[in-house]
Amino acid sequence: MKAAVIVFPGSNCDRDLQVSLRIATGNEPLMVWHGDSSFDDVDLIAVPGGFSYGDYLRAGAMAAKSPVMREIIARANKGVPVLGICNGFQILTESGLLPGALMRNAALKYICKDIHLRVETNDTAFTRGYATGDVLRIPIAHHDGNYFADPDTLDELEQENRVAFRYTNAQGEQSADANPNGSQHHIAGILNKNRNVLGMMPHPERLADAALGGEDGKRMFEGLVRAIA
Amino acid sequence: MSEITADVIASHGFTDAEYAKVLEIMGREPNMTELGIFSVMWSEHCSYKSSKKWLKTLPTEAPWVICGPGENAGIIDIGDGQAAVFKMESHNHPSYIEPYQGAATGVGGILRDVFTMGARPVANLNALRFGSTDHPKTRHLVSGVVAGVGGYGNCVGVPTVGGECEFHASYNGNILVNAMTVGVADQDKIFYSAATGAGNPIVYVGSKTGRDGIHGATMASVEFSDDSEAKRPTVQVGDPFTEKLLIEACLELMQTDCIIGIQDMGAAGLTSSSFEMASKGGVGVELDLDKIPQREADMTAYEMMLSESQERMLMVLRPGTEARAEAIFKKWELDFSVCGELTDSGHMVLRHKGEIVADLPIDPLALASPEYDRPWVPTAKPPALDMASSPAPDDLMATLLAMMGSPALASKRWIWEQYDHMVMGDTLGHGRPGGDAALVRVHGSKKALAMTSDCTPRYCYADPVEGGRQAVAESWRNITATGATPLAITDNMNFGNPEKPEIMGQFVGCCQGISEACIALDYPVVSGNVSLYNETNGQGIHPTPTIGGVGLIEDAARSVGIGLTADDQDIVLIGESRGHLGCSLYLELIENRTDGAPPPVDLAAERKTGDFVRAQILAREISCCHDLSDGGLLVGLTEMALAGQRGVRIALPELSMPLHAWAFGEDQGRYLVATNDAPALLASAQSQGVDAVLIGKSGGSDIQISGVGTLPVDTIRQAHENWMPAYMA
Amino acid sequence: MKARIHVTLKNGVLDPQGKAVEHALGSLGFDGVEDVRQGKYIEINLSETDPAKAETQARDMCEKLLANTVIENYSVEIA
Amino acid sequence: MKARIHVTLKNGVLDPQGKAVEHALGSLGFDGVEDVRQGKYIEINLSETDPAKAETQARDMCEKLLANTVIENYSVEIA
Ligand SMILES: Nc1ncnc2c1ncn2[C@@H]1O[C@H](COP(=O)(O)OP(=O)(O)O)[C@@H](O)[C@H]1O
Ligand SMILES: [Mg+2]
């Protein structure tokens, strides 16, 4: 399986994702520079975290207009799996591949810490490595992760089972305390209609190595590889 | 161009003697641009005129030192052809005036010092000191500084993995923001600042030059008074996004052989960078100021030379490589301009709009910068604390609870959770903030760097020599406690007005203490920074020589954290306890007094104890380890319990001191460890002449001390975790 | 021509920044403060000299980049 | 009364956001775009009914909280 990692000016989790994908796929991911409007066929497109264009104006806004995004949108529409993590999620909403928007954290502060997530559906390649209901410990690191969508969109997401992850406590229960950024419906990650695009704020690539404090994120990449390959 | 009047000379900070020297060097009256250049080059900030004499006494050598002080950052050998490059720098004055941007640009500046040398920055640390918690400005300053450190570091994608945060009234009018960056380079790809080869092109890269922070360097060299807040100079605004691009572009160019010399534009911007490069390489420089990328219209030569706009670098390239270099900077969407060339004239000649606007001899100006032997008086040694004057507290456990929830000891999680401390994917789980030293793996290897920043200003104030030693020893100990070998330090000397003999005496004393400890511990100084004049209305800060330490562990898998990892392990105290309460946090917090002598550091014992502990960690005889510092034994033990989320049961040994002195005394050179085999550990300690005593076992959910009392760990956690969020709310 | 652009959150979109400002003003002792909303103000110099064209251009910029119309409204003035 | 407050960076202060927006507009194909500056726009409902007093109050809020007068200017309109 071959993955591509998209690098924007200001991306800074590109290497982290490259490492996780290299280990999971056994292949060197293709690193694609944002200015490239075409790149080789791949089985997975990953949009990493960071501060593309400094997150100036709005997180992800400028990267969403980059030449490479037109290509990514076209491939996503053809069914190629696209994974956006953190800034990648913000870019995917800004580009319209995913609905809603990621607003400033309710407490207005940047937050970097381990949180708990509940897997809401494993009916997508991205979460095949988990069982629905699994509770994961994975870090977040963002300033703008407060998921917002209008009521109709939220209903649609819920009805179509497109919420992939929700913030919970260690026991898998939702609560205001366990919602680190004020996201509506405690949403941490969502899927597009075709379930081939996933955006999530938490960073599975950061806890994919026991030495770094945990391996819950690793199962995501392993499951993805099994589902795609 | 304005006239050089006595007022103009004074406002540029020259003494009569200094100005006479300017005239002598120039052989004529300087023009404004030239005067401005002299003034920043000879400012305290750039010339180190008050401190040079003493800095030279610091030990800077060891077989593993590749580059000591004098370059942008220090460099040490970390094996496998790799090097660690690091430095700490202050941004105190700007952060007081504009906390967010001041702190942010401080981080930006220290990052540039490190990647200028060819290293990829892999970790940031920040040592913060604020006024007392009830001072009306403190909250605002804390929130701005922390947001600024995070805002910059998070955006550039370098993890901020450690630091310090302390509150004390002596910083009410002068907060300290000391930022440290550690980078990793290949030893065959290290870059220095010397410019060589007449005719070679000088290239400007990065952001455009604006009128930012003109006189920043001179501002950092004068004392504050109440009206300096009104006279706020232009503050620089940081652009971390551009910095990130600059890091990538510079590191990409450094993979080629285009660069001869490279230097970031820090304090005194274009002036100091061009002078330093030329002076080190023994060449002359000609700059065409029309070629300097400018953000604003009608900038004068004076403004361009003194601007402190951020995110800029100066390079000397091999002739003919300009196009190749330019392509890289264009790819990263950064300005690139060939703005001059090296000459063999020994002069700096500036052209602007077709005219020569300055012509200065380089060496005389750079090398003849003033150096003072300022008068100093040694600080009188305080008498030892009379133990009879320290009554036992009524309730030891309540005292512990109060201390753990105090601003000094409360968790600083509120700070580090605003810092991305995991980006780059190498921060070890037990090496995240909250432990002794932060642990960051050297990417793609088994090795890890251990990093810490330390200083106990209340000790330095009471006895600068002892305090200087202690700061270095604590740094060494924090690295040792992870299993890593301490290798070298960077020092950030923050003091008051050096023109006062008592303050100069503090500086001299701290230098002496630092030197002694560095020598005894084989822990040389490879870089540093001095910030003087931290005074407001004649009131100086506590002497604060912040020590940034770096160590290495070959096999990161053998490193340990501070948290208890299992129940029913033996807890052993290593190092000698005498119950030293002088200058202790206990006295300050509980008895509301600060007298007595600080705990003496026995450097030979320090080394022996630390070497023993490290060897035991590497032999996997120890499952977690924490050095003892502020608050002493009981505080250290509680921190291990909190981090490990389990309790401890302590059986009091036979005590030759009052219980509270045993609990909270700050004797140096001590560690608490947990082990599965206490008899073996005690036997090895004894055979090596190291003090060690079994004090209890891990387990349960309380801190339980036989015959004294019990306190649930969760109760302590609440007090410990809640203080800072509640204070900042 | 100069375009002055205001980008504000739509009604019904929670504004955490505005809320925080409101709260902070309250704790500073300002009374009677309500409904604080925080948006962006962007000024752009356009080389276009025809006001109508400049306005069209600025609106186009808002649609394409400056505003996220999922959550934000914008208004354009040309001077 | 409603206070409309604009907070903008002082002249000469670097505006990284404005600079980045300018750049992005250029890459989106908008020509003739210059000097993009980004500031804040804040709306506040005040219970104060006297316009002069409302203005004084709003200015006071700017000085104390809304603007960072080291690097920012502000302007207040009351409606
Ligand atoms: N400003 C800060 N930034 C990041 N981490 C911090 C900061 N202040 C304190 N910490 C972290 O809190 C922990 C405790 O700090 P400290 O009490 O100074 O440790 P020690 O006594 O071991 O030197 C350390 O892990 C330190 O890195
Ligand atoms: Mg320690």
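Everything numeric here is computed off the predicted structure, so don't read it as measured data. Below, chains carry the letters A, B, ... as their sequence lines are ordered, and counting in each starts from 1.
Counting heavy-atom pairs closer than 4.5 Å to chain D, the top residue among Glu296(B), Glu98(B), Arg295(B) is Arg295(B).
Closest heavy-atom contact between Lys19(D) and Asp239(B): NZ-OD2, 3.2 Å. For the residue pair Pro16(D) and Gly238(B), the shortest heavy atom distance occurs at CG-O, 3.7 Å. Pairing each heavy atom of Val237(B) with each of Leu14(D), the nearest pair is O-CD2, 3.4 Å.
Enclosure of atom NZ in Lys331(B) by more than 12 non-hydrogen atoms of other residues, nucleotides or ligands within 6.0 angstrom is indicated. For Lys53(D), the NZ atom is loosely surrounded, since the number of other residues' heavy atoms within 6.0 Å does not exceed 12.
No part of Ser309(B) comes within reach of chain D, as not one of its non-hydrogen atoms sits under 4.5 angstrom from that chain. Contact of Gln310(B) with chain D is not made at all, since no heavy-atom distance falls under 4.5 Å.
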